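Notes follow the structure.
Since we're looking at a predicted model, the values are computed, not measured. Only this structure's heavy atoms are used, side chains among them; waters, hydrogens and symmetry mates stay out. In listed order, ligands and their atoms are each counted from 1.
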Amino acid sequence: MGAGSLGQVFAGLLAHSGQRVTLLSTPVTAARLLEIGHICIRGAQRVDVPVARPPAAAGAVALTDDPADLPDEIGLLFTTKAHHLEEAVTAVQAVWPRSGDATSWVAGLQNGLFKDDVLVDAFGTERVVGAVTITSAERRQDGEILFTSPGVSYLGSFDSRQAARERAATSLLNDAGLPAEPADDIRSVLWTKACNAAGIFGVALLTRVAGSALLANEGRARAYVALIKETAAIARSEGVETGNLERFPPIRTYVDRPADESVRSLVAASSAADDGLAPTPSMLQDLLAGRGLEVEEVFGDLVRRAQCNGVSAPRLELVTELLRGLDPQL
Ligand SMILES: NC(=O)c1ccc[n+]([C@@H]2O[C@H](COP(=O)([O-])OP(=O)(O)OC[C@H]3O[C@@H](n4cnc5c(N)ncnc54)[C@H](OP(=O)(O)O)[C@@H]3O)[C@@H](O)[C@H]2O)c1
């Protein structure tokens, strides 16, 4: 649900690999995509995937703005922005899952931890799969989706008895060219991504620097590491340890070792990096395009958790206030 950058990449590549996919969109974007007739993915893959009103033929994405068109016994990935998730969930929940559908599950690809609270409240813990994606994509003015990096996605239940569905789902994603792995400890993965998001978004939005240049400067690298350490302290107060994930910055190492060492290695590595198709952080894309920011769901949520748990997080508090000042929604 949500035919933006990630929604079009996931729907398009899954359909292209032979999966039956329904993409639930806003009316405006549904009308635009139906007029064009296909999802246009460029960058890490070059694929045009036909779209049609449901029921769509094999290889095409069934595109609709009506949640009643959602099939039974599916996995539903929410790919709206975090600040549109509650509205999207409310629309879906009114008609889906239907009685008798015991197997459907939901997951949110949004940044931050707030999204799983929304999904658990609406659908119950047993239907919610914790999800983290490092896949990246951008919407271009011409409607094309620039697929900047396949990255990797992690899926894991909050209820560990449900591991078979995550293995099945990650297998389908891998077949579609979207690297994915089941996660035994999805809370650790969620907090590890949250640490990086706090660091990258905080520094990128307040300096408007992206790509390898972001951390090639000592001051920016120091701010990034400090935001990671504060976020990891909040994770710890909730009983969660961060980790070092494959194809992702070594967050646990940044948490454990002295900041000076991390700053030196980040500046050296970033100065030598070749940007290639370097993704622009999704919240920076929103800032530059004048769209609303996920400040409350990513940063405000961390600050609230810190305050509830008695954890000191002064840098996160300051960054949150400054980002509220940049958010065109506020
Ligand atoms: N892009 C990335 O590289 C990336 C990477 C990791 C995580 N994320 C996270 O993934 C989430 C999605 O990011 P994105 O970049 O794909 O966002 P996006 O391009 O802005 O797409 C969001 C989509 O949700 C749609 N939407 C909003 N409300 C809706 C509703 N009620 N019903 C149906 N559709 C609705 C929007 O509709 P319109 O088409 O009408 O605008 C838009 O198509 C964000 O939380 C982001 O932080 C993004």
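No side-chain N or O of Ser171 forms a donor-acceptor pair with one of Asn174 less than 3.5 Å apart. Looking at Glu166 and Ser157, their side chains do bring a donor and an acceptor atom within 3.5 Å of each other.
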Side-chain donor-acceptor distances from residues 5-20 under 3.5 Å, at least two apart:
{"from": "Ser5", "atom 1": "OG", "to": "Arg139", "atom 2": "N", "distance (Å)": "3.4"}
{"from": "Gln8", "atom 1": "NE2", "to": "Ala3", "atom 2": "O", "distance (Å)": "3.0"}
{"from": "Ser17", "atom 1": "OG", "to": "Leu14", "atom 2": "O", "distance (Å)": "2.8"}

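Counting protein heavy atoms only, atom 27 (C) of ligand 1 is closest to His84 ND1, 3.6 Å. Of all protein heavy atoms, the one lying nearest to atom 9 (C) of ligand 1 is Leu109 O, 3.5 Å. Among protein heavy atoms, atom 11 (C) of ligand 1 sits closest to Thr80 O, 3.5 Å. Among all protein heavy atoms, the one lying closest to atom 18 (P) of ligand 1 is Arg139 NH2, 3.6 Å. The closest protein non-hydrogen atom to atom 1 (N) of ligand 1 is Ala137 O, 3.0 Å. Taking atom 32 (N) of ligand 1 as the reference point, the nearest protein heavy-atom neighbour is Met1 CE, 3.4 Å. Closest to atom 22 (C) of ligand 1 among all protein heavy atoms lies Thr79 O, 3.5 Å. Atom 45 (O) of ligand 1 has its closest protein heavy atom at Glu294 OE2, 2.5 Å.
Between Ser136 and ligand 1, not a single N/O pair is under 3.5 Å apart. For Gly4, a nitrogen or oxygen atom sits less than 3.5 Å from a nitrogen or oxygen atom of ligand 1, counting backbone and side chain alike. Considering backbone and side-chain N/O of Thr29, one or more are found under 3.5 Å from N/O of ligand 1.
The residue among Asp65, Thr26, Val28 with a heavy atom at the shortest distance from atom 35 (C) of ligand 1 is Thr26. Around atom 5 (C) of ligand 1, the closest heavy atom drawn from Leu23, Thr133, Thr135 belongs to Thr135. With Ala88, Gly292, Ser149, Gly2 as candidates, the residue nearest to atom 30 (C) of ligand 1 on a non-hydrogen basis is Ala88.
In this structure, Ala91 does not count as a contact residue of ligand 1, since none of its heavy atoms falls inside 4.0 Å of the ligand.
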- Please walk me through it: do Ser270 and Ser212 pass side chain to side chain donor-acceptor pair (under 3.5 Å)? CA-CA 5 Å; Ser270 305; Ser212 58; over 6 Å; no

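Annotation for Val49 and Gly59: closest pair CG1-O, 3.5 Å, computed over non-hydrogen atoms. Across all their heavy atoms, Asp66 and Thr64 have their closest contact at N-OG1, 2.9 Å.
Interface of Ala3 with ligand 1, defined as ligand atoms under 4.0 Å from a residue heavy atom, comprises 43 (O). For ligand 1, the atoms closer than 4.0 angstrom to any heavy atom of Ala82 are 45 (O).
For residues 117-134, the side chain to side chain donor-acceptor pair (under 3.5 Å) pairs, not counting sequence neighbours, are Asp117-Arg305, Thr133-Thr135, Thr133-Ser153.
Cluster annotation: Leu206 and Ile228 are assigned to the same hydrophobic cluster (Ile/Leu/Val/Met/Phe/Trp/Tyr, side-chain heavy-atom contacts under 4.5 Å, transitive). Val120 and Tyr154 fall within the same hydrophobic cluster, where Ile, Leu, Val, Met, Phe, Trp and Tyr residues are linked whenever their side-chain heavy atoms come under 4.5 Å apart, directly or through other members.
At most 12 heavy atoms of other shown residues, nucleotides or ligands fall within 6.0 angstrom of atom CZ in Arg46.
Using the six-membered ring where Trp is involved, Phe78 and Phe123 have ring planes that are tilted, between 30° and 60° apart.
Contacts between Ser5 and ligand 1, counted as non-hydrogen atom pairs separated by less than 4.0 Å, involve both the backbone and the side chain.
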